[in-house]
Amino acid sequence: MAPISNHKNYYLRSSCIFVVLWMCVLRPVTAAAVSENQSSQSYLVDSNGGLSHERLQQLLREAGTGEVSWPQRAKQEVIDVQSEISKLNTTYVYQSNWPANNVKLGAVTAVSFDKAGNVVIFHRVDRIWGQRTFNESNYYTETYKGPIRENVVLGLESATGKVIYEWGKNFFYMPHGLTVDPEDNVWVTDVAMHQVFKFAARGAGNKPLLTLGSAFQPGTRSKFCKPTSVAVLDNGDFFVADGYCNARILKYSKSGELILTWGKNAFSGVSYDVAPQNYFAIPHALTLVPELELLCVADRENGRVQCFYSSNGTFHSQYHNRVIGDRLFSMAYTPAAGGELVIVNGPTAEMGANPEHYNEVLGFVMDMRSKKLDSKFGPNNLQFDNPHDVAVTTDGNVIYVAELNPTRIHKFVHKSLAKPISLSVPAVDKLSDSLKTVAAENEDSASTKSHKHPSGTAILVASLMLLFATSTFMLALIMARRRRRGNQAITTTPPSDLVYRRLAASNQSCLPFGTHNRRHHAWEKPEGFKLGGLLDRGGFEKLDQNASDDEQETTTLSSAQFA
């Protein structure tokens with residue numbers, strides 16, 4: 001019976017270990033691998049479908065692993081997040097007209113600066129990270145699409161947003177992180193390929209100078225599993241955030257030799273706000289703090305920034321604020337104002353119509369000394385939809401935010417540099433004079449254009465009016481001459497009946513509205529022709545304004561009659 005009991009214990013222990021592995025590792029990793037754009041169930045774990053602290057300890061004891069030192073949930077101060085956000089100042093002005101040339105972009109995943117000060121962005125063109133992009137083992141399922149055929153790295157002029165250079169076509173599958181080192185080399189990560197690449201400045205040569213990881217092979221040790229970001233020291237040593245699956249930070253020498261690694265997966269933690277040091281729930285972005293020799297990590301699903309000594313990877317400090325929320329996608333450091341972190345969060349990961357934590361997707365500026373939020377920013381003071389990365393200039397005056405959807409790169413300028421237009425009297429006068437000059441030029445231009453290029457309708461109307469006036473004048477002269485001759489004939493000798501009939505027929509044939517008009521007595525008066533009689537209200541019949549355009553009636557005026 002003993003062997004059977006041992007077997008039972010063995011199977012029981014194996015089952016418990018499997019349950020623990022499933023709940024703590026496989027299940028959350030699978031959730032993380034579903035989709036980058038979607039907000040899956042939060043990594044807060046509780047009795048409503050999650051794994052509580054007590055149950056975790058029980059399973060671990062049953063599996064023979066002993067007690068795990070995991071902090072208990074801290075009792076948090078209840079704050080009104082919406083009210084606290086409304087109190088924050090807005091210190092950056094959105095540049096809605098940048099980039100000016102409306103660059104066509106896919107999902108923008110990363111932003112950095114080259115040595116010339118150009119804004120370098122990484123985008124996915126037509127690729128979308130969806131539910132079926134990776135399988136449960138984190139293998140990329142869309143290799144059949146081949147590499148992206150268009151350039152994925154763009155260098156934009158900081159002032160105008162004009163594309164200065166672009167490269168990277170026919171190489172990448174699912175771009176993610178990008179940073180430019182002090183020597184102008186470009187470091188990028190591709191989560192589909194599970195690799196890290198170093199390229200020469202502006203992608204010269206179109207081939208990587210250094211490649212880490214195995215193409216399309218997720219793994220551990222010398223392999224990566226969806227690496228997210230790179231940070232490079234002045235001496236050439238660099239860090240890699242091996243982000244979505246392994247949840248670790250690795251440090252390499254300039255030549256690519258592994259120096260050290262640290263970090264554990266925090267998906268089994270009880271809450272984002274009490275996750276222990278060195279635990280990560282997707283280390284999503286990296287930034288350096290040179291003055292303090294620190295490497296800071298955006299611990300995405302724990303909603304915090306963790307900073308470590310760049311020399312040995314030991315923990316230094318962490319930065320979290322309930323106003324930011326439980327998801328923090330990226331941060332960038334600026335030494336301005338004594339040292340600040342510029343942070344972008346993300347939409348809440350909690351499901352349901354009424355999430356526990358109120359959330360606004362914004363950019364925030366945090367003072368590293370006080371750990372307090374100084375200000376907020378967003379496009380036109382509104383929220384982002386899905387920001388993914390952020391970069392800030394060394395002087396802290398300009399911020400750029402890469403967004404997945406809508407596919408945009410945003411620019412913000414500190415309000416101290418966004419000077420308003422002066423409304424002084426001289427300026428107004430000059431503006432008025434300028435507007436008058438422009439108006440006069442436009443009027444002259446319009447006049448010239450209308451003179452040189454009159455419409456067909458205007459020509460037709462003018463021609464008809466001129467023809468009508470000329471014909472009427474000629475008709476008046478003819479009638480006057482005939483009247484004069486008739487009067488002379490009557491005074492000398494009475495006309496015969498034949499002559500009278502011919503004269504009457506001749507008068508009727510010249511009437512402009514046909515032989516049916518019998519009301520024009522001005523032409524029948526013996527005292528001669530008077531122009532006033534012709535122009536009198538009763539001199540002409542009123543034209544029918546509803547007449548057909550077709551020439552079917554003899555009473556319709558036609559230009560052919562006066563040709």
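Index from 1, following the sequence.
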Would you give me the side-chain donor-acceptor pairs under 3.5 Å for residues 286-299, sequence neighbours excluded?
unit_1, atom_1, unit_2, atom_2, d
Thr287, OG1, Tyr333, N, 3.3
Glu291, OE1, Tyr333, OH, 3.3
Glu291, OE2, Tyr333, OH, 3.1
Asp299, OD1, Ala281, N, 2.8
Asp299, OD1, Asn302, ND2, 3.3
Asp299, OD2, Asn302, ND2, 2.8
Asp299, OD2, Arg304, NE, 2.8
Asp299, OD2, Arg304, NH2, 3.3
Asp299, OD2, Gln306, NE2, 3.3

Parallel, tilted or perpendicular, as decided by the 30° and 60° cut-offs, for the rings of Phe172 and Phe199: tilted

4.5 Å side-chain heavy-atom contact, Phe377 and His410: no

Electrostatic pair Asp242:Arg248 at N-O distance under 4.0 angstrom: yes

Heavy atoms from other residues, nucleotides or ligands near NZ of Lys371 exceed 12 (cutoff 6.0 Å): yes

Side-chain donor or acceptor of Asn151 paired with backbone N/O of Val153 under 3.5 Å: no

Residue from Tyr173, Tyr139, Phe224 passing ring-ring contact (aromatic ring centres under 6.0 Å, His included) with Phe216: Tyr173

Minimum side-chain heavy-atom gap Pro335-Thr394 below 4.5 Å: yes

Nearest atoms (heavy-atom pairs only) where Asp190 meets Pro175: OD2-N, 4.1 Å

Nearest heavy atoms of Asn321 and Val323, plus distance in Å: OD1-N, 2.9 Å

Exam field: side chain His194 to backbone Gln217, donor-acceptor pair closer than 3.5 Å: no

Polar contact flag, side-chain donor to acceptor under 3.5 angstrom, Thr91-Asn89: no

Heavy atoms of other groups near Lys145 NZ, more than 12 under 6.0 Å: yes

Aromatic contact, His414 with Tyr92 (centres under 6.0 Å): yes

Side chains of Asp374 and Met366 in contact at under 4.5 Å (non-hydrogen atoms): no

Where Pro227 and Val240 come nearest, the two heavy atoms and their spacing: CB-CG1, 4.3 Å

Least distance between heavy atoms, Pro283 atom then Ala247 atom: CD-CA, 3.7 Å

Donor-acceptor contact present, side-chain Gln383 to main-chain Val361, <3.5 Å: yes

Donor-acceptor pair, side chain of Ser229 and main chain of Gly177, under 3.5 angstrom: no

Phe238 and Tyr252 aromatic ring geometry - parallel, tilted or perpendicular at 30°/60° bounds: parallel

Ring geometry between Phe412 and Tyr94 (parallel below 30°, tilted from 30 to 60°, perpendicular above 60°): tilted

Euclidean distance, Thr228 OG1 relative to Arg300 CZ, rounded to 0.5 Å: 9.5 Å

Heavy-atom side-chain proximity of Glu142 to Thr133 below 4.5 angstrom: yes

Check: Ile399 and Val401 side chains under 4.5 Å, non-hydrogen atoms: yes

Glu150/Lys104 salt bridge by N-O under 4.0 Å criterion: no

Where at least one partner belongs to residues 80-101, residue pairs that pass salt bridge (charged side-chain N to carboxylate O under 4.0 Å, His left out), sequence neighbours excluded: Glu84-Lys87

Distance-minimising heavy-atom pair for Ala391 and Ala332: CA-CB, 4.1 Å

N/O donor-acceptor pair under 3.5 Å between Lys251 side chain and Ser310 backbone: yes

Under 3.5 Å donor-acceptor, His284 side chain and Phe329 backbone: yes

Side-chain heavy-atom pair Met368, Glu340 within 4.5 angstrom cut-off: no

Nearest atoms (heavy-atom pairs only) where Gln195 meets Ala215: NE2-N, 3.4 Å

Donor-acceptor contact below 3.5 Å, side chain Arg327 vs main chain Pro347: yes

Asp114 versus Tyr165, side-chain donor and acceptor atoms under 3.5 Å: yes

Beyond-backbone contact of Ser253 with Asp237, side-chain heavy atoms, under 4.5 angstrom: yes

Sub-4.5 Å side-chain heavy-atom contact between Ser158 and Phe113: no

